[in-house]
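Heads up: the structure comes next, in structure tokens.
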Amino acid sequence: MILRLAASSGFCFGVRRAIQMALDASKGRDVIYSIGELIHNPQFVKELEEQGIKVAKEAQDIYDSVVIIRSHGITFQDLQILQANGNIIIDATCPYVSRTHELIQIAIQDGYEVLILGDAKHPEVIGMMSYGNHHTRIIAPGEVPSGIKGKRICLISQTTQKIENLKKLACDILTQVLELKVYNSICLATTQRQNASAALAKDSDLMIVIGGRKSSNTKMLASLCSQYCTTLHIETEEELTADSLLGKERIGLSAGASTPEDRILKVYNKILKINGEEGLATSVHNIPLFKEESC
Ligand code: SF4
């Protein structure tokens, strides 16, 4: 069996940064809050809770506390509520996400209607939308927007989208609009992870994509890999059985931006065990092909 891990798998720089900021802020304090789960990984969120980093559902529930804004960012309105309620705010919004907020505001000032390509239910996209105006809309991948004929349109994307989706939407609307400004706001970490995973999927019989089921970028990775070979999206090694590996000789692993290293290692080591191999990996750097992201 050939078992490899796509380069750039696991925590991206934005998630690593947010976790470090949360851990630093929690030192010497009984409890701090994040609005929503700090990362889309239920097992890791539980571990953080044990260290006093609690999840609050709504900004209005938190008063006079320390609050960390996760890498997805929050809405402009929630930020104002947190400030008004006397909280100390630690802003761990990923710089790639903050940039989309700035670009949307600039596009609006310049008179463009803004189309945000992304998942309308995702907190990052909800946050982006809050920086728009009544001419700002969210467009799901594959959807063709109406009412754009002869208009000046600015197209921007959720940071974890597939580039193919952005290219397709830009091409679909190009001939209808008066002017089209396109920001490729897909982050470098996502681009690197997707390219490496697609390359590995093309050379594998089976891809196993590890990450939270609610994680947008993990779902994107699984969808991308499934274009090239059989693909399983799992959260933990417990979901893997000998049957799922039956007849597969070239197995590729990939993991979303919110998947911790130990979760990847547990999956890798379980596959070795199923295959009857000795010697367990203690670092993702021991796994063939893996290379850390360079952003
Ligand atoms: S996936 Fe990209 S935008 Fe999102 S937190 Fe990571 S580096 Fe930032």
Side-chain angles (χ1 to χ4, degrees), residues 5-6 8-59 61-62 65-74 82 87-94 97 122-124 159-160 189-190 193 208-222 232-240 253-273 280-287 290 292-293:
L5 172 62
S8 310
S9 291
F11 281 171
C12 63
F13 113 91
V15 165
R16 232 181 269 132
R17 174 176 171 270
I19 291 168
Q20 194 55 55
M21 287 171 82
L23 291 173
D24 289 348
S26 70
K27 274 184 201 143
R29 293 186 166 106
D30 291 340
V31 62
I32 70 165
Y33 294 95
S34 71
I35 308 286
E37 294 170 347
L38 196 59
I39 62 171
H40 280 154
N41 189 288
Q43 296 77 21
F44 197 76
V45 167
K46 206 164 158 242
E47 285 170 34
L48 289 175
E49 288 227 348
E50 283 156 14
Q51 296 184 56
I53 303 165
K54 305 266 183 224
V55 179
K57 276 204 178 119
E58 309 284 350
D61 297 341
I62 312 171
S65 301
V66 175
V67 183
I68 180 129
I69 298 178
R70 59 189 174 171
S71 56
H72 300 318
I74 56 173
L82 288 176
N87 295 295
I88 297 169
I89 298 168
I90 297 163
D91 189 358
T93 307
C94 179
V97 177
H122 194 280
E124 180 191 321
T159 57
T160 50
T190 295
R193 184 173 288 100
I208 299 170
V209 180
I210 312 154
R213 296 206 197 285
K214 283 199 279 175
S215 158
S216 165
N217 76 86
T218 310
K219 286 191 280 184
M220 285 289 162
L221 280 180
L232 295 176
H233 176 177
I234 60 170
E235 278 191 354
T236 73
E237 69 286 357
E238 281 145 25
E239 294 165 60
L240 270 188
L253 299 178
S254 173
S258 47
T259 307
E261 174 171 341
D262 71 334
R263 187 62 51 195
I264 301 171
L265 281 172
K266 280 179 179 154
V267 171
Y268 179 78
N269 287 332
K270 175 143 186 199
I271 297 173
L272 289 188
K273 213 168 148 199
L280 302 179
T282 52
S283 158
V284 284
H285 294 273
N286 302 142
I287 305 179
F290 178 75
E292 231 162 62
E293 69 181 14

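On a predicted model such as this, the values are computed, not experimentally measured, just so you know. All values below come from the heavy atoms of this structure, side chains included, with hydrogens, waters and symmetry mates left out.
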Which atoms form the tightest heavy-atom contact between [X] and [Y], and what is the distance?
X    : Y    : answer
V31  : K54  : CG2-CG, 3.2 Å
V15  : S71  : CG2-OG, 4.1 Å
A6   : F290 : O-CD1, 3.7 Å
N41  : G212 : ND2-N, 4.4 Å
V267 : L253 : CG1-CD2, 4.1 Å
I264 : G10  : CD1-CA, 3.9 Å

Enter the distance from [X]:[atom1] to [Y]:[atom2] here, rounded to the nearest 0.5 Å.
X    : Y    : atom1 : atom2 : value
L38  : M21  : CG    : CE    : 10.5 Å
L82  : I89  : CG    : CD1   : 5.0 Å
I19  : I39  : CD1   : CD1   : 4.5 Å
L232 : L240 : CG    : CG    : 7.0 Å
L280 : N269 : CG    : CG    : 4.5 Å
K266 : Q43  : NZ    : CD    : 9.0 Å

Does some side-chain heavy atom of [Y] sit less than 4.5 Å from a side-chain heavy atom of [X]?
X    : Y    : result
R70  : P123 : yes
I90  : D24  : no
L265 : N286 : no
S9   : V284 : no
T218 : H233 : yes
L48  : V55  : no
R263 : E237 : yes

Are the side chain of [X] and the backbone N or O of [Y] linked by a donor-acceptor pair below 3.5 Å?
X    : Y    : answer
S283 : H285 : yes
N217 : A257 : yes
T259 : I210 : yes

- Task: Starting from the C-alpha separation in whole Å, work towards a yes-or-no answer on side chain to side chain contact (heavy atoms under 4.5 Å, CB included) for T93 and I74.
- Result: CA-CA 8 Å; T93 307; I74 56 173; 5.9 Å; no
- Message: Using a 6.0 Å cut-off, check whether atom NZ of K270 has over 12 heavy atoms from anything other than its own residue.
- Response: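 Check passes, neighbour count above 12.
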- Going by atom types alone, do T159 and E124 pair a side-chain donor with an acceptor below 3.5 Å?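 Looking only at side-chain atoms, E124 and T159 do form a donor-acceptor pair, the distance falling under 3.5 Å.
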- Message: Does the plane of the ring in H72 sit parallel, tilted or perpendicular to the ring in H40? Use 30° and 60° as the thresholds.
- Response: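 Tilted, since the angle between the ring planes falls between 30° and 60°.
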- Item | Partners meeting ring-ring contact (aromatic ring centres under 6.0 Å, His included) with F44 (sequence neighbours left out) |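 Here the qualifying residues are F11.
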